[in-house]
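Lettering follows sequence order; numbering is per chain, from 1.
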Number of protein chains: 2
Amino acid sequence: MGYRVDMTPATTSARPPGRPRSGVNDVVFAATLSTVHELGYARATVDRIAAAAGVAKTTIYRRWPSKGALIVDCLLDAFGPVPLQGTSRSELMSSAIHWIAAKIGEPGVGDAFAGVFSDAISDPALREVLSARLQDPYRLALQDALGEPENRVLFFIDVVVGTLLHRLGMTGVPMVDSDVAELVQMVLPHFGGDADLT
Amino acid sequence: MGYRVDMTPATTSARPPGRPRSGVNDVVFAATLSTVHELGYARATVDRIAAAAGVAKTTIYRRWPSKGALIVDCLLDAFGPVPLQGTSRSELMSSAIHWIAAKIGEPGVGDAFAGVFSDAISDPALREVLSARLQDPYRLALQDALGEPENRVLFFIDVVVGTLLHRLGMTGVPMVDSDVAELVQMVLPHFGGDADLT
DNA sequence: TAATTTCGCTACCTCAAGTATCGATACCTA
DNA sequence: TAGGTATCGATACTTGAGGTAGCGAAATTA
């Protein structure tokens, strides 16, 4: 039960023979988010996602080896790169927190994030994919931008993402702006504030 | 699909006729935690829990209407009352954080907590039970002890529990003591520290 | 035209939550 | 001691979701 997410055929320089894949990945991603948004993570079955995308279920399983892998790719697509804006450490951290809070607030994104995260609890293979493909890139970007060691950035991510997801999971509603602002106010002093600029 | 957790027959002053229930609730709780600890939340099926407890599956469904309800009751039993120790606000908050961190570190407890929490994301009825039976008592106790309004205590819980569960879910290992200590160091100043004693 | 690959479609397998039923058992009351 | 009642274990079942197998049709290259 491998979690190799990228099932794109090995890209050789020459175009391989046979029928090329139709470019419906984006349609599937959109259908995934909208289905998760409307029905919740557990009721957003692969059958329903396929139907919403106007695609056969088998087509989805040809491209992603599992529902979890599909969600991870969908989230990667939804998140995009971290916009690390600002010159001071405070501005960088603050922008990162507001960015992830906004993403989690987008329809379907927060539910999909929390859902795949919860599946990973009892699925070490999925946890590996989640960590390597979704968390590590952002963690490395933060390490680089902030000049903090790995364990401190991991702690930062645990606090920010954990808090946002716990609120969403417990209430069903994403954190409001004032609470996100309070989160920023709590986190920044602990991580050095404006002491040193980049 | 009701989530009425307490399926104990309505207690009248007179003892009802018929065969009384065998006192195996504690055995079922212990079997639940050990099974979740060994297999993870998703693979800890009700069949397996029943087998581990030496009880028929139907007996479990006579006492709890769903797996989620069983887990909630199991966690209530495992957590017990919050030991709010100390006289200063800092001591109270610090003891509460260390207490929940230790509970989440107990074998099976953290996995069961994270598991039922994640099920609740796409199950509003279970979320209601989780909030009312598991979170509200502790939230009220904290409000009373700290003299903080509801929204601030909710934020406190989101930060502490969210952070601990995110670490557990992402790594499969509970937070180590040094990280819990750092969490305390980060949270306490934001919530007023030692400013006013109780 | 032939080879190759993806497409949609249908049927299927496995597993887990939850339900139904039944004879056996334990308790109370008369 | 006999009868009523509710729980017990055991078995079988239903429902739904993840995931697979195999088919003929369609799209591309050589």
Exercise. Specify the angle, to 10°, made by the local axes at the two ends of the helix from dT1(C)-dA30(D) to dA30(C)-dT1(D) when five pairs are taken at each end.
Key: 10°
Quiz prompt | Check: Asp73(A) main-chain N/O paired with Arg133(A) side-chain donor or acceptor under 3.5 Å | solution = no
Quiz item: Of all the choices, dA27(D), dC7(C), dC8(D), which nucleotide is nearest to the side chain of Arg63(B) once you look at every atom?
Solution: dC8(D)
Self-check item: Between C1' of dA16(C) and OH of Tyr61(B), the distance in whole Å
Solution: 8 Å
Quiz prompt | Distance-only donor-acceptor test (3.5 Å): side chain Thr58(A), base dC9(C) | solution = yes
Quiz item: Does Arg62(B) put a side-chain nitrogen or oxygen below 4.0 Å from OP1 or OP2 of dT19(C)?
Solution: no
Quiz item: Of Pro20(B) and Ala42(B), whose closest DNA chain C nucleotide lies nearer the 5' terminus?
Solution: Ala42(B)
Self-check item: Those residues that, when tested against Asp111(B), pass side chain to side chain donor-acceptor pair (under 3.5 Å) (two or more places apart)
Solution: none
Exercise. Taking only the side-chain heavy atoms of Arg19(B) (C-beta and beyond), determine which of dA25(D), dG18(D), dT7(D) contains the nearest atom.
Key: dT7(D)
Exercise. Give the rounded distance in Å between these two atoms: NZ of Lys67(B) and P of dT19(C).
Key: 15 Å
Self-check item: Given dT7(D), dA17(C), dC7(C), the nucleotide with the shortest approach to the side chain of Thr59(A)
Solution: dC7(C)
Quiz item: Between atom CD1 in Ile71(B) and atom P in dG18(C), what is the gap in whole Å?
Solution: 11 Å
Quiz item: Out of Val184(B), Val187(B), Val180(B), which one pairs with Ser94(B) under the side chain to side chain contact (heavy atoms under 4.5 Å, CB included) rule?
Solution: Val184(B)
Quiz item: Rounded to whole angstrom units, what separation is found between the CG atom of Asp47(A) and the P atom of dC12(C)?
Solution: 16 Å
Quiz prompt | Val72(A), Val28(A), Ile71(A) screened by side chain to side chain contact (heavy atoms under 4.5 Å, CB included) with Trp64(A), the one that passes | solution = Val28(A)
Exercise. Would you indicate, yes or no, if dC15(C) has its OP1 or OP2 atom less than 4.0 angstrom from a side-chain nitrogen or oxygen of Arg43(B)?
Key: no
Quiz prompt | Aromatic ring pairing Phe79(A)/Phe113(A), orientation class (parallel under 30°, perpendicular over 60°, tilted between) | solution = perpendicular
Practice problem: Please test Glu182(A) against His190(B) for side-chain hydrogen bond (donor to acceptor under 3.5 Å, both in side chains), starting from the C-alpha separation and ending with a verdict. | Solution: CA-CA 9 Å; Glu182(A) 186 172 355; His190(B) 183 75; 3.1 Å; yes
Self-check item: Integer-rounded Å distance: dT6(C) C1' and Trp64(A) CH2
Solution: 14 Å
Self-check item: Given dG18(D), dT25(C), dA16(C), the nucleotide with the shortest approach to the side chain of Arg48(B)
Solution: dA16(C)
Quiz prompt | Salt-bridge criterion met for Arg89(A) and Glu148(A) (N-O under 4.0 Å) | solution = yes
Quiz prompt | 5′-ward residue of the pair Gly18(B)/Val55(B) relative to DNA chain D | solution = Gly18(B)
Quiz item: Below 3.5 Å, does any donor atom in the side chain of Lys57(B) face an acceptor in the base of dG18(C), or the other way round?
Solution: yes
Quiz prompt | Integer-rounded Å distance: dA16(C) C1' and Leu70(B) CG | solution = 15 Å
Quiz item: In whole Å, what is the span from the CD1 atom of Ile60(B) to the C1' atom of dT19(C)?
Solution: 15 Å
Self-check item: Lys67(A) charged N/C atom sitting above Tyr41(A) aromatic ring, 6.0 Å / 45°
Solution: yes
Practice problem: When you get a sec, tell me which of dC27(C), dA17(C), dG8(C) is the closest nucleotide to the side chain of Thr45(B)? | Solution: dA17(C)
